[in-house]
Amino acid sequence: MKILEPVKFKNLELKNRLEWLPAVSLLADEEGYVTDELIARHVARAKGGFGLIDVEATGVNARKSPKLLRISDDKFIPGLKKMTDAVHEYGCKMTVQLIHYVKQSVKTGWKYPIEDFPIANGEVGKDGVEDSIAAIKRDFVAAAIRAKEAGFDGIELHAAHGYTLSSFVSLLNKRKDQYGGNEEGRGRIVTEIIEECRKVLGPDYCIGVRISGEEFVIGGNTIKHTPKLGQLFAKAGADFISVSAGGKTEDGAWYKGYSGSRCMPPANLPEGCHVYLAEAMKNGLREIGSDVPVIVSGKIPSLEYGEDLLDKGICDIVGVCRPALADPDWITKQVEGRQKEIQKCVYCNLCLEADQRHEPVICYVAEAKKKAMAAKAAK
Ligand SMILES: Cc1cc2nc3c(=O)[nH]c(=O)nc-3n(C[C@H](O)[C@H](O)[C@H](O)COP(=O)(O)O)c2cc1C
């Protein structure tokens, strides 16, 4: 199967075309350092057969957010290096998703005040963090340098869902300067970060971008806009585009409104519900003669399903998140014909609810089953 065969793009030589998608774990400690629990989580998926793991959203700036994994200071490098070393032992590559976020509250209608940027360079907000455009770019570039030092095989700029870069690329960005307007303007901060990272990371280091193919909010990006953004990112030097969906907070709440729910599609949505978003991105890239790989995500039910997408040329890498949170051996069990043994994800999103309560993100169905089995064995 093509999905299980090696593939190479840039410095990334993957043993197969399967990525464990980024998922906030809340397993970092209060300050954002890697813990042994977090390493164990990733080692289990590396052992379980993934060619690539993209580590959860990892903070490039110093703003408070308990238990968010961080790369905002050199002090985080040793812990991150311990994690990449452990995962590499199993022939699995590791990228890190770099996230920048600003303050967001119900008072501002959950909207990032993206029109308020830039505050003057050097000026800091009430929490002591500088939010100028220059500072955002500086934080990403510094984090990218640390990522390479920490042994990551590449970086992914988080321009999906409801955070800073996503708010820039969104059609809801009403800025009147060069960082707003058409796709070129809205995507400018991302293209500039790609170009600046490229200068410091060298020509072969992998730089990718994750974007919401559709934002699923009134007035937001749709597939009319996002392939154009993908084209701009590819032209600026991006090495892959990972296509997610929704995740905006403009519809009222943190991953609780319709857009939020499309980001982690629940049980009522069909399998492969976001395949068309990856397909639109792939076609957009083809239009400009780009072969930059596209990563698909969203309720991919099996290796066969992923293989079909590869055969049809819809994507280049198949991304899976919750099914492998439920069962780290999701791949191996399918390869070995042990499908019946898979602890299936039922898309109940209790994992997401744990995230929203700031508790460790686990699969409650898998944990309940483990407890029941242990109780049975003890009888
Ligand atoms: C608890 C939880 C945390 C997540 N955290 C992130 C994240 O940090 N960055 C990101 O881009 N996507 C994140 N996602 C979205 C996933 O990467 C993925 O796109 C989504 O779950 C759909 O894939 P799936 O159907 O295979 O689970 C998260 C999803 C869940 C359930």
Side-chain angles (χ1 to χ4, degrees), residues 18-28 32 38 41-42 45 50 52-60 65 67-71 95-101 155-166 208-216 240-248 254-256 259-275 277-278 295-303 305-306 309 315 317-327 330-331 344-366:
L18 286 149
E19 175 188 293
W20 194 36
L21 294 166
V24 159
S25 64
L26 298 180
L27 293 179
L38 182 62
R41 167 160 299 200
H42 288 300
R45 274 78 195 171
F50 280 97
L52 178 64
I53 291 176
D54 188 28
V55 173
E56 67 192 85
T58 303
V60 302
S65 184
K67 296 197 171 180
L68 179 82
L69 187 64
R70 286 181 189 277
I71 191 162
T95 50
V96 58
Q97 187 181 57
L98 302 181
I99 187 174
H100 185 284
Y101 52 100
I155 56 165
E156 178 178 274
L157 306 176
H158 197 347
H161 313 159
Y163 309 97
T164 307
L165 295 186
S166 137
V209 181
R210 194 164 205 218
I211 184 170
S212 295
E214 298 232 30
E215 294 187 313
F216 294 109
F240 67 84
I241 311 287
S242 178
V243 183
S244 185
K248 303 296 283 184
W254 192 243
Y255 292 111
K256 282 181 179 157
S259 177
S261 97
R262 289 300 295 235
C263 184
M264 293 87 174
N268 68 318
L269 285 177
E271 289 175 346
C273 51
H274 297 143
V275 165
L277 302 178
I295 304 175
V296 71
S297 61
K299 295 189 77 169
I300 304 299
S302 64
L303 295 186
Y305 192 101
L309 300 180
C315 63
I317 303 285
V318 176
V320 177
C321 179
R322 290 164 297 172
L325 182 65
D327 192 337
W330 186 81
I331 297 174
K344 282 208 170 140
C345 171
V346 294
Y347 301 105
C348 63
N349 274 345
L350 289 175
C351 53
L352 174 62
E353 287 179 25
D355 178 11
Q356 286 164 339
R357 292 193 304 270
H358 299 288
E359 287 172 14
V361 171
I362 54 165
C363 174
Y364 282 84
V365 178

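Keep in mind the model is a prediction, meaning the values are calculated, not measured. Counting starts at 1 for both ligands and their atoms, following the listed order.
What sits closest to atom 1 (C) of ligand 1 on the protein, heavy atoms only, is V361 CG1, 3.7 Å. Q97 OE1, 2.7 Å is the protein heavy atom nearest to atom 9 (N) of ligand 1. Scanning the protein for heavy atoms near atom 28 (C) of ligand 1, the closest one is M264 CE, 3.5 Å.
Panel note: side chain S244, backbone I211; no donor-acceptor pair is recorded below 3.5 Å. A donor-acceptor pair is defined here as one N or O able to donate and one able to accept, closer than 3.5 Å; such a pair exists between the side chain of R45 and the backbone of A324. At least one donor-acceptor pair under 3.5 Å links the side chain of N349 to the backbone N or O of M264. Using a distance-only test at 3.5 Å, with no hydrogens or angles considered, no donor-acceptor pair links the side chain of R210 to the main chain of I295. In this structure, S212 contributes its side chain and G246 its backbone to a donor-acceptor pair below 3.5 Å.
In this structure, H274 does not count as a contact residue of ligand 1, since none of its heavy atoms falls inside 4.0 Å of the ligand.
Within the listing of ligand 1, atoms 8 (O) sit less than 4.0 angstrom from a heavy atom of A57. Atoms of ligand 1 found under 4.0 Å from any heavy atom of V320 (numbered from 1 in listed order, with element): 26 (O). Each of the following atoms of ligand 1 lies closer than 4.0 Å to a heavy atom of P323: 26 (O). Heavy-atom proximity to H158, at under 4.0 Å, picks out these atoms of ligand 1: 9 (N), 10 (C), 11 (O).
With sequence neighbours excluded, the residues that form a side chain to side chain contact (heavy atoms under 4.5 Å, CB included) with I362 are R41, Y364, E367. Among residues two or more places apart in sequence or in another chain, the side chain to side chain contact (heavy atoms under 4.5 Å, CB included) test is passed with T58 by V55, E56, L69, I71, V96.
Contacts between V24 and ligand 1, counted as non-hydrogen atom pairs separated by less than 4.0 Å, involve both the backbone and the side chain. Residue contacts with ligand 1, taken as heavy atom pairs separated by less than 4.0 Å, do not involve A160 at all.
In this structure, the side chains of L303 and W330 come closer than 4.5 Å at one or more pairs of heavy atoms.
Within the model, atoms CD of E214 and OG of S259 stand 10.5 Å from one another, a figure rounded to the nearest 0.5 Å.
Closest heavy-atom approach to atom 26 (O) of ligand 1 within the set A159, P22, C321, G319: this belongs to C321. Of all the listed residues (G298, A23, A354), G298 holds the heavy atom that lies closest to atom 23 (O) of ligand 1. Counting only non-hydrogen atoms, the option in C263, C345, C351, P265 that gets closest to atom 20 (C) of ligand 1 is C263. Scanning E271, R210, R322 for the heavy atom closest to atom 19 (O) of ligand 1 points to R210.
Taking distance alone, with nitrogen or oxygen atoms compared against 3.5 Å, K299 approaches ligand 1 more closely than that limit.
Ring orientation note: the planes of Y255 and Y163 are tilted relative to one another, at an angle of 30° to 60°.
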